[in-house]
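Throughout, protein chains are lettered first and strands after them, A, B, ... in sequence-line order, and every chain is numbered starting at 1. Keep in mind that this is a model prediction, so the values were computed, not measured.
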2 protein chains.
Amino acid sequence: MNIGQAAEASGVSAKMIRYYEEIGLIAPPARTGNNYRVYDGGQVHVLRFIKRARSLGFSLEETETLLKLWADKSRTSAAVKDVATSHIDDLERRIAEMQGMVNTLKHLAHCCGGDHRPDCPILDDLAGDSAAKG
Amino acid sequence: MNIGQAAEASGVSAKMIRYYEEIGLIAPPARTGNNYRVYDGGQVHVLRFIKRARSLGFSLEETETLLKLWADKSRTSAAVKDVATSHIDDLERRIAEMQGMVNTLKHLAHCCGGDHRPDCPILDDLAGDSAAKG
DNA sequence: GTAGGCCTTCCCATTATGGGAAGGTCAAGG
DNA sequence: CCTTGACCTTCCCATAATGGGAAGGCCTAC
């Protein structure tokens, strides 16, 4: 299977497959006589794993940890759960931060006429004008 | 006022102040004979504005738009509100995406024993094992 | 034999920020 | 007068993950 077919089968772009190989996330595949990379079902399975981990927001570094745990038959589920829960914490922290921004922005937008006049509580807030309406 | 003092007064690092100047977000300040940048209260006000916009999650590009609107006395509040609301939409999209990850991960983590045994529904899910418990 | 569709490597760009080196300037204090 | 320290300057590099694109090799079909 060529890299294009592996990309198709895994949902990971050929560009990214090469990159993952370069950074050591996946093992270098065999090469044909013409120097083409060849992949088998096992490699594609790994790529799918990576794709799924990425879609859940795991960084490539975390993904590497998960891949190693996956390969390690003597792992403990506790080790995997640790990776997952700290990622959850991270996501929740970021969500809270962004939600705070949204709350502030919605308040400001609510107070903004959104009309033809120049007066704008949003700009007033950004400008540090504590006399901003609302 | 030197760049260090402007950084102190605005909460924007000296490094970032130089960068904002380099990308044209702020105007190049005056220089002293020894080639030091000098800032006045007006420039610091702009830096504070940027700082506040960044803290609300606006990109530097959006911040530039907001700075121009701020400077434009004939702006309409509608134009400002447009920038804000599309940023709110963007944040909410990202929050929803991350919340989806959290929901999935919490479910998987809940189903994971987190003990000394190797069996792990989290890895099963990542591996695409549709027989994953839960 | 040539055109198209793969593949290869290499370089560049993105976003916003920080680290650090090499060197200039200035003020204080010995 | 010289040193020390705290500034400042510019320049280069690194981050995370991904895509774009060029230049060139290989193979298959027509």
Side-chain angles (χ1 to χ4, degrees), chain A residues 1-26 28-40 43-44 46-47 49-67 87 90-91 94 97-98 101, chain B residues 1-26 28-40 43-44 46-67 87 90-91 93-94 97-98 101:
Chain A
M1 200 189 315
N2 279 344
I3 197 170
Q5 296 164 310
E8 177 76 17
S10 65
V12 178
S13 74
K15 210 85 192 223
M16 279 302 103
I17 295 176
R18 291 194 196 93
Y19 175 65
Y20 293 162
E21 177 188 337
E22 184 193 333
I23 66 172
L25 184 62
I26 60 178
R31 299 275 186 147
T32 61
N34 55 26
N35 203 31
Y36 286 12
R37 290 171 178 83
V38 278
Y39 298 88
D40 61 18
Q43 304 261 187
V44 169
V46 169
L47 289 170
F49 182 104
I50 294 170
K51 173 86 176 173
R52 174 71 176 150
R54 295 286 303 127
S55 79
L56 288 175
F58 287 105
S59 69
L60 289 183
E61 199 176 353
E62 289 165 328
T63 300
E64 188 177 12
T65 301
L66 292 168
L67 275 172
H87 178 45
D90 186 46
L91 284 169
R94 284 152 57 192
E97 191 182 18
M98 291 167 73
M101 294 173 182
Chain B
M1 201 190 313
N2 279 345
I3 197 170
Q5 296 164 309
E8 176 77 15
S10 65
V12 178
S13 73
K15 210 86 191 219
M16 280 302 101
I17 295 176
R18 292 193 196 95
Y19 175 65
Y20 293 161
E21 177 188 337
E22 184 193 335
I23 65 172
L25 184 63
I26 60 177
R31 299 274 187 147
T32 60
N34 54 28
N35 203 32
Y36 287 11
R37 290 169 177 84
V38 278
Y39 298 88
D40 61 18
Q43 303 260 183
V44 169
V46 170
L47 289 170
R48 280 181 187 282
F49 183 104
I50 295 170
K51 173 86 177 171
R52 174 71 177 151
R54 295 286 303 126
S55 79
L56 289 176
F58 287 105
S59 68
L60 288 183
E61 199 176 353
E62 288 166 328
T63 300
E64 187 177 12
T65 302
L66 291 168
L67 275 172
H87 178 47
D90 186 46
L91 284 170
R93 234 181 309 110
R94 284 153 57 193
E97 190 182 17
M98 292 168 73
M101 295 173 181

Enquirer: Can you check whether A/S13 has a side-chain N or O nearer than 4.0 Å to OP1 or OP2 of D/dG19?
Expert: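 The answer is yes; a side-chain N or O of A/S13 sits under 4.0 Å from OP1 or OP2.
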Enquirer: Looking only at the side chain of A/R54 (C-beta and beyond, no hydrogens), which of the listed nucleotides D/dT18, C/dC7, D/dT9 gets closest?
Expert: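 Among the listed nucleotides, the one closest to the side chain of A/R54 is D/dT18.
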Enquirer: Please state whether the phosphate of C/dT17, meaning OP1 or OP2, lies under 4.0 angstrom from any side-chain nitrogen or oxygen of B/Y20.
Expert: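 Yes, within the criterion.
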Enquirer: What's the CD-P distance between A/Q5 and C/dG5, to the nearest Å?
Expert: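 These atoms are roughly 16 Å apart.
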Enquirer: Can you tell me the distance, in whole Å, between the OH atom of A/Y19 and the P atom of C/dC10?
Expert: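 About 16 Å, once rounded to whole Å.
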Enquirer: Considering all heavy atoms of both residues, which atom of A/I3 and which atom of A/A14 are nearest to each other, and what is their separation?
Expert: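 What the structure gives for the nearest pair is CD1-O, 3.6 Å.
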Enquirer: Using whole Å, report how far CD1 of A/I23 lies from C1' of D/dT18.
Expert: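 Spelled out: CD1 on A/I23 to C1' on D/dT18 is 11 Å.
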Enquirer: Where the side chain of A/I3 is concerned, which of C/dA16, C/dT8, D/dA17 is the nearest nucleotide?
Expert: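 My answer, after comparing the listed nucleotides, is C/dT8.
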Enquirer: Kindly check if the number of other-residue, nucleotide or ligand heavy atoms within 6.0 Å of CD (B/Q5) is above 12?
Expert: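 Yes - once you tally the heavy atoms of other residues, nucleotides and ligands closer than 6.0 Å, there are more than 12.
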Enquirer: Indicate yes or no: at least one non-hydrogen side-chain atom of A/E64 is less than 4.5 angstrom from one of A/L60.
Expert: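 No, their side chains stay 4.5 Å or more apart.
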Enquirer: Quick check: closest heavy atoms across A/V38 and A/P29, and the distance to 0.1 Å?
Expert: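 The answer is O-CB, 3.3 Å.
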Enquirer: Scan residues 29-40 of chain B against DNA chain D and write down, sorted by residue number, each residue with any heavy atom closer than 4.0 Å; if none is found, say none.
Expert: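 Within residues 29-40 of chain B, the residues near DNA chain D are B/R31, B/N35, B/Y36, B/R37.
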Enquirer: Given D/dC8, D/dA17, C/dA16, which nucleotide is nearest the side-chain atoms of B/S59?
Expert: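 Side chain of B/S59 sits closest to C/dA16.
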Enquirer: By nearest atom, which of the nucleotides C/dG18, D/dG21, C/dC7 is closest to the B/K15 side chain?
Expert: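 The answer is C/dG18.
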Enquirer: Distance check needed: D/dA16 C1' versus A/F58 CZ, whole Å only.
Expert: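 One finds 17 Å between C1' of D/dA16 and CZ of A/F58, rounded.
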Enquirer: Which whole-number value in Å describes the distance from A/R18 CZ to C/dC10 C1'?
Expert: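 These atoms are roughly 12 Å apart.
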Enquirer: What is the distance from atom CD of B/E62 to atom NE2 of B/H87, rounded to the nearest 0.5 Å?
Expert: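 Separation between the atoms: 5.5 Å.
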Enquirer: Indicate yes or no: at least one non-hydrogen side-chain atom of B/Y19 is less than 4.5 angstrom from one of B/M16.
Expert: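 SC-SC contact between B/Y19 and B/M16 confirmed.
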Enquirer: To the nearest angstrom, how far is A/K51 atom NZ from D/dA17 atom P?
Expert: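 Result: 14 Å.
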Enquirer: Nearest-Å distance, CD (B/E64) to C1' (C/dT15)?
Expert: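 About 14 Å, once rounded to whole Å.
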Enquirer: Going from CD1 on B/I26 to CD on B/Q43, what distance comes out if it is rounded to the nearest 0.5 angstrom?
Expert: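 Atom-to-atom, B/I26:CD1 and B/Q43:CD are 6.5 Å apart.
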Enquirer: In whole angstrom, what separates B/I17's CD1 from D/dT10's P?
Expert: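 It works out to 13 Å between those atoms.
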